[in-house]
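I have placed the structure first, in the form of structure tokens, so that the comments after it can refer back to it.
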2 protein chains.
Amino acid sequence: MRLSRVEKQAQTRGRLLEAAGELFAERGVNGASVEQIAERAGYSRGAFYSNFEDKAELVVALLQERTRREHNEVKGLSWERVRAWNRSRARNVTEWLALRTELWLYSLRDGRVRRQLAERERFSRNAHQQGLAEVFRRAGVQPPADIEFLAVIAHALEDGLLIQRAITPEDVRDEAVVDAVELLCRSWIALGEKQKRG
Amino acid sequence: MRLSRVEKQAQTRGRLLEAAGELFAERGVNGASVEQIAERAGYSRGAFYSNFEDKAELVVALLQERTRREHNEVKGLSWERVRAWNRSRARNVTEWLALRTELWLYSLRDGRVRRQLAERERFSRNAHQQGLAEVFRRAGVQPPADIEFLAVIAHALEDGLLIQRAITPEDVRDEAVVDAVELLCRSWIALGEKQKRG
DNA sequence: AAATTCACATACAGACCTGTATCTGAGTGC
DNA sequence: GCACTCAGATACAGGTCTGTATGTGAATTT
């Protein structure tokens with residue numbers, strides 16, 4: 001099957017982004033050269049420079065693309081399906097976490113990337129919030145007023161635990177992340193009940 | 001005052017480590033060259049290479065030095081004083097967090113650094129555990145059996161929230177980190193009481 | 001089907017980076 | 001105080017990186 005000019009370029013761009021994602025996770029944004037990215041994608045540096053201004057623009061585009069992909073994959077899914085989707089991605093969590101962390105560090109030094117990352121994180125927090133709301137509803141409990149803050153906490157806790165697990169896998173079990181969030185919910189409910197009793 | 005040979009070298013080494021810490025936080029481990037590190041410390045690259053094998057060794061040494069310093073500064077301090085010490089360091093949290101994150105990423109790719117970082121994190125978790133134990137004691141509550149897990153959670157939560165705050169300062173207040181841990185403790189206690197009641 | 005366009009390849013210039021080899025001068029031992 | 005040592009400076013060689021300038025062939029236009 002033959003591809004039109006624009007289709008072909010879109011393919012090239014996609015492959016470059018894919019390769020960049022892998023290499024950034026492996027060696028860091030600074031550690032991956034334009035040459036290496038192009039080579040892994042199966043092109044020369046010429047292809048890179050005719051698709052992106054420079055590496056900074058690629059980083060923005062990569063984050064944009066991942067955010068959009070996440071939106072589309074999760075959008076409209078039930079809570080169970082979102083969790084299943086998360087688990088399926090858990091195989092290469094460390095790689096995914098490394099990439100996200102690389103992008104986070106990069107964002108500290110680049111306002112454009114920071115804004116992009118902020119969008120992604122807000123989306124993720126929102127997904128957490130909806131999930132938590134469902135958990136409370138199922139427990140027959142009114143979702144707390146500060147559920148937004150709770151969502152930030154749950155999200156931050158997940159990341160933090162994944163980081164800890166990467167350093168000391170023997171101290172942080174695989175299920176620790178799931179356990180911790182569940183425990184968090186249960187204790188939150190208990191606190192709510194206690195306050196209600198006065 | 002004149003310095004002996006060994007004193008002078010120790011000074012040089014110290015300054016190089018100091019400069020490396022700053023530059024790693026600013027531009028990342030990969031983004032900071034040996035030349036830049038030496039220059040900021042006020043030396044030439046010769047000084048660097050007569051103190052360290054290469055950058056990898058410097059990273060290990062830096063982490064070692066920071067861990068040791070932390071040990072010494074916190075060792076024997078009361079819980080209040082530890083919190084005060086944390087707050088005093090909070091001025092440049094982002095820089096400190098960036099450095100730690102850089103080292104975390106580096107550790108993913110270097111076993112030696114990972115072991116070093118694991119030691120640091122265990123120490124930090126332990127400090128958390130002692131702090132939490134004191135909080136429970138003051139609340140007149142028996143510290144829970146799973147306090148070790150709770151300490152990991154508190155530690156991970158702090159890091160995770162700092163990361164979130166760096167991305168979206170407007171969504172995560174300054175006090176959020178302290179608030180979250182406090183809230184965590186209170187809800188944990190409530191859960192314990194609930195379980196006791198059956 | 002000839003002319004044109006443009007995605008990607010290739011070649012090159014200039015900057016920077018690492019690691020080693022050599023030098024120098026201030027501390028040290030005798 | 002003289003020979004010696006070694007921390008740190010300087011010089012150099014080899015490699016890699018980025019960005020641009022130019023070339024080329026396949027898709028597109030007319």
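In what follows, every heavy atom counts, from backbone to side chain, and hydrogens, waters and symmetry copies are set aside. Each chain gets a letter, A, B and so on, in the order the sequences are listed, and its residues count up from 1.
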Please determine if a side-chain N or O atom of [X] lies less than 4.0 Å away from the OP1 or OP2 oxygen of [N].
X       : N      : answer
B:Gln36 : C:dC16 : no
B:Asn51 : D:dG8  : yes
A:Ser4  : D:dA27 : no
A:Ser50 : C:dA7  : no
A:Ser33 : D:dC17 : yes

Could you state the atom-to-atom distance from [atom1] of [X] to [atom2] of [N] in whole Å?
X       : N      : atom1 : atom2 : value
A:Gln9  : D:dA26 : CD    : P     : 18 Å
B:Tyr49 : C:dT22 : OH    : P     : 18 Å
A:Leu23 : D:dT16 : CG    : P     : 16 Å
B:Glu7  : C:dT28 : CD    : C1'   : 14 Å
B:Leu58 : C:dG19 : CG    : P     : 12 Å
A:Arg15 : C:dA7  : CZ    : P     : 17 Å
A:Glu35 : C:dA15 : CD    : P     : 20 Å
A:Arg5  : C:dC8  : CZ    : P     : 10 Å

Does A:Ser4 offer a backbone N or O that forms a donor-acceptor pair with the side chain of A:Glu7 under 3.5 Å?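 Confirmed, A:Glu7 side chain pairs with A:Ser4 backbone.
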Under 3.5 Å, side chain of A:Arg109 to main-chain N/O of B:Glu26, donor-acceptor pair present?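 Yes; at least one donor-acceptor contact below 3.5 Å.
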Reckon [X] touches a base, only the sugar-phosphate, or nothing at all at heavy-atom distances under 4.0 Å?
X       : result
A:Ser44 : base
A:Glu53 : nothing
B:Tyr43 : sugar-phosphate
A:Gln11 : nothing

Go nucleotide by nucleotide along DNA chain D from the 5' end; which of A:Val34 and B:Thr12 gets its closest nucleotide reached first?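 Here B:Thr12 is the residue nearer the 5' end.
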For A:Gln164 and B:Glu121, does a side-chain donor sit closer than 3.5 Å to a side-chain acceptor?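 The criterion, which ignores hydrogens and geometry beyond distance, is satisfied for B:Glu121 and A:Gln164.
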Side-chain H-bond candidate by donor/acceptor type, B:Arg137 with B:Gln142, under 3.5 Å: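 No.
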Other residues, nucleotides, ligands: >12 heavy atoms within 6.0 Å of B:Arg173 CZ: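 Yes, because the 6.0 Å sphere around CZ of B:Arg173 holds more than 12 heavy atoms from other groups.
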Polar pair under 3.5 Å, donor/acceptor by atom type, side chain B:Arg45, base D:dT10: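 There is none.
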